[in-house]
Structures are given as structure tokens and as C-alpha cells.
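Just so we're clear, the structure is a prediction, and the values are computed from it rather than from any experiment. For ligands, and for the atoms within them, numbers begin at 1 and follow the listed sequence.
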Amino acid sequence: MTYHRETRAARLTAPGPGRPLAVPLYQTANFVFDGPDEVAEAMSGPGSFSYTGHSNPTSRALEDAMADLEGGTKALVTASGTGAVNSVLQAVLRQGDHVIAQRELYGGTFSILKNMTDRWGLEVTYITGADPAEVTEALRPTTKLLYLETIANPTGHVPDIPALAAQAKRNGVITAVDNTFATPLLCRPIEHGADVVLHSATKYLGGHHDVVGGIAVFADESLYQETWRHSVRLGVTADPFAAWLILRGLKTLPLRVARQCESALLLAERMSEHPAVSTVYHPGLPTHPSHSRAKRLLGGFGGTFAAETTDARAFMRALKLILNAPSLGGTESIVMHPATTSHRDMDAEALRQAGVSPNMVRIALGVEHPADLWADVEQALDKLSNVSPALTSRA
Ligand SMILES: *Cc1c(COP(=O)(O)O)cnc(C)c1O
């Protein structure tokens, strides 16, 4: 019988001699062989272990676990989510190629695409991702890649992955989906037609704000092989200790994500009723433009959401329990100002397209008690309404 994902995440298979219950850490840069032929043979691909810059048994255990959880055939662990994104883009694209990308995109990915456009002649058309007709319209003979995010950062926009990926497939275009915000617990893009799924393992998978890493999961073998070659050239293969920490995080991923989703929805609902909040961007709210797609495609609405308050900076300074810090997805709740941090490389027009406004904050829930988190948000919002003349007149 096939166990549930929650069970499979908790019960990872450990490689190596004996029967270690936890996956052992192979903190070694290289492996020893009987002679030169054996070394040469082992170095020819990712299948065997020769040099940790190519592959490593601890990293492989994480790759196997993630391929299983995402329903892919192979996975590749990288030194960061950015490393995974770059490896896949380099594996798929050449000079002059065309990419169709969701406009509400992680700022770092937008900046990679912009750099490839400015310096290497890549062409990019941005779409909302709500309608497959956008793909049909954007298609060119040079289109090679459709790039989406399951739950866009920070607006919570959810693209119609099955319809868009089907349209891409009909035209020989590869679909890549960044599944960082959803994790394989809430969505498995390969089941919806994606060819490759990307993760910043720094976020939910690692889950403790103590490791940087990335993962790409592939529906089939050939793109995996090509991406592996590029990850080696870029030098972004993962350190085994980072892979080990992410494996450790994976075991509690289902518990953490369930709590984070629950707290995010609670805060989103309560914030949307507070006079100092103008808009809440959470796909679980019926008012969110992606709500019906989110219900259809996701097993939960995610643990991170955005909101516009009357004064983003004052709100962030007034928080006591929720920390001012970058990143998301860990055990500690974090607040961030996207316009000046994750999306700082975007000009005003790109920010508008991505739905990022100056008074928007992003809250990434941790695993603290939801009542403590709401109490913190409420006291900060209450201070805000006191200082806003506009609100005093409204109230
Ligand atoms: C953080 C993030 C990345 C980049 O990952 P790093 O591990 O920080 O390099 C990519 N995509 C999304 C959606 C992210 O949140």
C-alpha cells in the first residue's frame, strides 16, 4: 500500500550500511575507488558518488524524498532556491529564446529574467496566469518555457496551472512551477502537467530559518540530466550538511504547514475586519480574485499572506512577537516589506504589475500559538489607527 504524504515525509529512507533510523550525514567532499577506470566511470553522471560537487548520498536521500512527495521521477538539490532557478533556466534556454512568465513573480526570479533579457538576449512576455488564452496569444516560434508560481509572492495569486500547462505542452513548451509557497502538501504541480517544480528549501521544507537550499523536481529524466550538468557548471550543488538539515525539516513539514495555514487564515480574516487595514491578499478569503482556483488546486491556502495597512512601516515597528526579517516558512513568524526588500529590483511599473504597493506588508506565519500572533498584530494595528488622521475621521 502507498502511505499518505505525511507518513512518507516522516519516514525517510536512510542510505548506507546498517540500518540507521535517521539519514546519516556524509560530510565528505569525495569518494575513493579501486583504480582510475572506476573513478572515471563514477564521475560520468549523477548516478554514482565520486565528488560531492556532483552528488552526495545525503543529498540523494533528500532528492529521493522530494521526488516521491512531488510525484516526480528525479530531483536535484541545490545550494539555494536561486541556484535551482538558474540551473533550470540555463538547462532550458538559449540566446534569443522566449519565455512566458507570470507577472506576479518572486522578485529574485524577476531579476534573473531581467538580467538574462538585458545581457543575453532572452525575451520575456508577462501574463497574469488566470487564462490559458494568454499563453496562446504570447506564443512565438522561439517560446521554450512557461514559468509560474503556485501561490505568488506576495499577492497570493494562484494561476490556472492545469490549463496553462496543457496549452504549453501542446506547443512543445516546458512548464516550470515554483512551488515554494505551497509545498507538496498543498499542491503537486507535476500532477497538473508541470515538467519541473522548483523550491526554495530555505523556506517551508527546511522550515527552521537555519539553512539555505533549493530543489528542482522533474517529471522525467532528460531535463534532470541537463539541469544537473548546469548545476555543476554553476557550482550550485548543495552542501551535504544543508541537505541533512532540510531532510530533518521535511519530517515535520506536514505538522508545521497545517499550523501555518491555520494561523495565516485566522490572521487574514481578523485583519480584514480591522479599520487600519485596507486590503488583505489571502487566497483563502472569498474576496481574493484567485479564491475559486485556489480551492480547486490547493489542499490549503498557505502560511504566508500580504495586507495593506494605513502605515506599513509603523505597523512593522509596532510588532513585538512577529519578527522584522527576510524570508518565510520557518518556525518563527516574520513580517517583511516587499517593495523595499524582496521586490526592490523592480521599477514602479513592474511593482504595479506584480501587485506590490508601498503600504503592503507580508506576514509569514510560524508555529507560535495563533492567539499570541493575533494579539501582537492587533496591538500593532490599534496603534496605527490612533495615529492615522484619515482613519480617525472614518471611525
Ligand atoms: C526565497 C524564494 C526563492 C529563492 O530561494 P533562495 O533559497 O532564497 O535562493 C525562489 N522562489 C520563491 C518563491 C522564494 O520565496
Per-pair distances, 0.1 Å, donor-acceptor, side chain in residues 30-50, under 3.5 Å, sequence neighbours excluded:
| unit_1 | atom_1 | unit_2 | atom_2 | d |
| --- | --- | --- | --- | --- |
| Glu38 | OE1 | Gly35 | N | 3.2 |
| Ser44 | OG | Glu41 | O | 2.7 |
| Ser48 | OG | Ala42 | O | 3.4 |

Donor-acceptor pair, side chain of Gln379 and main chain of Asp376, under 3.5 angstrom: yes
Amino acids in close contact with ligand 1, where any non-hydrogen atom sits under 4.0 angstrom away: Ser80, Gly81, Thr82, Tyr106, Asp178, Thr180, Phe181, Ser200, Thr202, Lys203, Gly213
Within 45° cone and under 6.0 Å: Lys320 NZ/CZ vs Phe315 ring: no
salt_bridge(Lys74, Asp220) N-O dist < 4.0 Å: no
For Thr304, side-chain hydrogen bond (donor to acceptor under 3.5 Å, both in side chains) partners two or more places apart: Tyr204
side-chain contact (heavy atoms from CB on, under 4.5 Å) against Ala312, all qualifying residues, sequence neighbours excluded: Thr309, His337, Asn359, Val361
